[in-house]
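Take a look at the structure set out below.
Chain A is the first sequence line, chain B the second, and so forth, proteins listed ahead of strands; every chain is numbered from 1. Treat the numbers as computed from the prediction; the structure is a model and nothing was measured.
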2 protein chains.
Amino acid sequence: MQENKRNGRATGRLTLKDVAARAEVSPITASRALRGVGRVAPELVARVKEAAAELNYIPDPAARALASSHSSVVTVLVPTLSNPAFGDVLEAIHAVLLPEGFQILIGDTHYSREQEEHLLRNYLSHRPGGLIVTGFDRNEEARRLIASSGVPCVHVLELANSPGVYCVGSNQAEAGRTMANYLISKGRRRIAFVAVIDPRAMLRAEGYRRAMKDAGLYDPALELLSAVPASIKLGADLFREIVARHPDIDAIFFSNDDLAHGALFAALNMGIKVPEQISIAGYNNLEEAAFTVPPLTTIHTSRAEIGRRAAQMLLALMRGKRVDEPVVDVGYELIVRESA
Amino acid sequence: MQENKRNGRATGRLTLKDVAARAEVSPITASRALRGVGRVAPELVARVKEAAAELNYIPDPAARALASSHSSVVTVLVPTLSNPAFGDVLEAIHAVLLPEGFQILIGDTHYSREQEEHLLRNYLSHRPGGLIVTGFDRNEEARRLIASSGVPCVHVLELANSPGVYCVGSNQAEAGRTMANYLISKGRRRIAFVAVIDPRAMLRAEGYRRAMKDAGLYDPALELLSAVPASIKLGADLFREIVARHPDIDAIFFSNDDLAHGALFAALNMGIKVPEQISIAGYNNLEEAAFTVPPLTTIHTSRAEIGRRAAQMLLALMRGKRVDEPVVDVGYELIVRESA
DNA sequence: GGATGCAAAGATAGCGCTACCTCAAAAGGC
DNA sequence: GCCTTTTGAGGTAGCGCTATCTTTGCATCC
């Protein structure tokens, strides 16, 4: 038996060569047939696919990536994983990309630009097939890394209009303005804005300011921003703080539902009537928003649709197809409930 | 210029060869120096590392995976991404593994055994360095895939005691029993169990049944199980259903906080006093549990600790270290609030 | 009918890295 | 002092796949 390679490192893996042998074609033809590229006779394609199915062949992604410098991995960067809002987007992305043969590598930036840059540096070296990042708030170096990597990239949750930028999201500033205007239209005058400092909250703040200024109601003292990560508890704390500081406020627009939820709870415990004394509004329309006491007025955007559309756009980009609509605005909806 | 390779496919990538050249050693020595394996003179190691740092060299994971049949990817399978409970676990796993040079590939099984088997089949072909899966409820084929892959695997959230099985979690059946016993101790007699059908909920159900039988209070009619995914709204619906069906119940143990939250909301709207008429309890201690009306009695387990310990255990396994404690029980805590 | 074109299949040569083996030099043994 | 043994470095040969070039086969044209 001189078959034994002197330098064997056989992995026992089922390879393309096995499939090719079974289909009685060359490995290259088998490769082309399975990938659906180049010109291969339909009859051969069928034979190869059959052989692959019979052998239960699964291509080796590492070998594929090495040979083609393209991998079947899509990297998704989100600011946090414990917020269900991002979970929903991720879930939709996963649902679209998985059946297309892509895997999802997640990166959690913890709302940190440094962390995001670090993740990009590392993950782009994996030559992912595609990249999905959250919003546009990142440092120059991170931008450069994305651009120079040549990896197709889609931005989610926010919108921007510059050439070569692909994004799926909603106009958060506009939505913030809509909410503030709604509160104004309900006769509220001393409307506070309470937020955690994150990029999307800051866009909502812009909309709030515009609406307040347009109505001649803007008072910078009514803005309360926190650098601590959002939580229900934080919302309760911030509610107590803003009420103590400005007893005259008649409405509070929170940058997200978690905070608003905490505020509703605190109001209930303090005997402050919502919405009679103070109207409260949130943002995101998490499921719990419909089940707070009282139910929360908020802004709804379909996170599942954002994820789905972003994944579809990325798929098109990765396949070199033309994307006619590089900016997809999924819109938003003001959900009026009892809290405001 | 006959340097031009006839068959060049140069990627322009910075390779190990460049680092080796700069450090004036052979590529193999450079490889060993960077990986810290084999015997390399300390002086050379320093020179190679310096060269790598100067060139800003990042190894190609695909080439590495192909050559060594080990990748720096850890696959994590969870039942859903939109539930913050799993997000918390994922976040902790990510926090531990990222600094160690591992990336996280997520798979969402949607609570489906078939989907999980499918994911395993595909993802294991990536030769991940490690695998983290949720619980033990999977089909034979999935089990076989994990075992035969040779990939180190840690199970999270549930506990099991069989040789060669690594897990980090808590005893959910025991916790379920604790909750039921608490309700019994408070004088409740007609205690319903309302759940969605998922593996962990079924373990909690076991504990509930044991407690009820031990107290001579078990009545199978008081169990209401739903095949629909859990949501707050579902909890409200199930509450109305169980109350209509069994007007005599004096407590409900829900398999998770979402359902209990919906029930509290429905009770409020129906004018049913909690806990006076019906006590309500949940499971998970999501943040919102402390802010429902009334606040929810529930079971707490540290999801962050589960993720952290699981990642640390996997790290040890991947590095071939001995793991002295293959079963880590992080415990649970009964959180008593006003709802029960 | 021979030149021309254009498919469709195959041969070749890596992608960037590491497992395995070899070899020179240094260290140890009697 | 000669023969082992150890040590540190390098050489070689792939890992499994695909980009690129080459060859083959067969319609098509003047």
Side-chain angles (χ1 to χ4, degrees), chain A residues 3-21 23-48 52 55 57-73 101 125-127 129 320, chain B residues 3-21 23-48 52 55 57-73 101 124-127 129:
Chain A
E3 305 279 25
N4 283 321
K5 299 270 175 60
R6 177 185 42 149
N7 191 0
R9 216 194 316 172
T11 57
R13 203 170 205 283
L14 191 72
T15 75
L16 188 59
K17 209 187 280 184
D18 301 315
V19 175
E24 297 180 306
V25 296
S26 70
I28 306 85
T29 301
S31 169
R32 286 197 276 247
L34 290 176
R35 282 179 299 145
V37 302
R39 331 216 116 261
V40 183
E43 178 208 327
L44 285 191
V45 172
R47 221 161 72 200
V48 170
L55 295 174
Y57 167 74
I58 297 180
D60 183 326
R64 196 168 254 191
L66 184 58
S68 69
S69 38
H70 282 302
S71 82
S72 58
V73 166
S125 76
H126 281 218
R127 304 201 197 109
Chain B
E3 303 279 25
N4 283 318
K5 299 271 176 58
R6 177 183 44 146
N7 192 359
R9 215 192 319 175
T11 56
R13 203 171 205 282
L14 191 71
T15 75
L16 189 58
K17 209 186 280 185
D18 301 314
V19 176
E24 296 179 308
V25 297
S26 70
I28 301 81
T29 301
S31 168
R32 285 195 276 247
L34 289 175
R35 283 179 300 146
V37 302
R39 331 215 116 263
V40 184
E43 177 208 329
L44 286 191
V45 172
R47 222 162 71 202
V48 170
L55 294 174
Y57 167 74
I58 298 181
D60 183 326
R64 196 167 253 193
L66 184 58
S68 69
S69 35
H70 282 302
S71 82
S72 59
V73 166
L124 287 176
S125 76
H126 280 218
R127 303 201 196 107

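R64(B) has its CZ atom 19 Å from the P atom of dG16(D), to the nearest Å. Atom pair H70(A):NE2 and dT18(D):P shows a separation of 12 Å (rounding to whole Å applied). Computed from coordinates, the E24(B) CD to dG10(D) P distance equals 11 Å when rounded to whole Å. The separation between L66(B) atom CG and dT18(D) atom C1' is 12 Å, rounded to whole Å. Put simply, CG on D60(A) is 18 Å from P on dC15(C), counting in whole angstrom units. Atom P of nucleotide dG16(C) and atom CG of D18(B) are separated by 9 Å, given to the nearest angstrom. Atom CG of L16(B) is separated from atom P of dC15(C) by 14 Å (rounded to the nearest Å). In this structure, K17(A) atom NZ and dT12(C) atom P are separated by 13 Å, rounded to whole Å.
Distances from the side chain of V40(A) to the nucleotides dT18(D), dA9(C), dG8(D) place dA9(C) closest. Among dC20(C), dC17(D), dC15(C), the nucleotide with an atom closest to any side-chain atom of I28(B) is dC20(C).
Residue-to-nucleotide proximity on DNA chain D shows that, of L44(B) and R127(B), the 5′-proximal contact is made by L44(B). Residue A63(A) is the one, among R35(B) and A63(A), whose nearest nucleotide of DNA chain C lies closer to the 5' end (criterion: closest heavy atom).
The heavy-atom pair separating T29(A) from L44(A) by the smallest distance is CG2-CD1, 4.2 Å. When every heavy atom of V40(A) is checked against every heavy atom of A33(A), the shortest pair comes out as CG2-N, 4.2 Å. Contact record, Y57(B) with L34(B): CE2-CD1, 3.8 Å, taken as the closest heavy-atom pair.
Contacts of S69(A) with the nucleic acid, taken as non-hydrogen atoms under 4.0 Å apart, are absent. Among the heavy atoms of the strands lying under 4.0 Å from P59(B) are primed sugar atoms or P, OP1, OP2 only; no base atom is included.
Contact annotation: Y57(B) does not reach the phosphate of dG16(C) (side-chain N/O to OP1 or OP2, under 4.0 Å). Regarding contacts with the backbone of dA9(C), every side-chain N or O of T29(A) stays at 4.0 angstrom or more from both OP1 and OP2. For R39(A) and dA7(C), the shortest distance from a side-chain N or O to OP1 or OP2 is not below 4.0 Å. Residue S31(B) places at least one side-chain N or O closer than 4.0 Å to OP1 or OP2 of dT18(C). Considering only side-chain N and O atoms, S26(A) lies under 4.0 angstrom from the phosphate OP1 or OP2 of dG10(C).
Legend: residues meeting salt bridge (charged side-chain N to carboxylate O under 4.0 Å, His left out) with R64(B), ordered by chain and number and at least two apart, are absent.
Side-chain atoms of R32(A) and V48(A), non-hydrogen and from C-beta on, never get closer than 4.5 Å to each other.
A donor N or O paired with an acceptor N or O is found under 3.5 Å between the base of dG10(D) and the side-chain atoms of R32(B).
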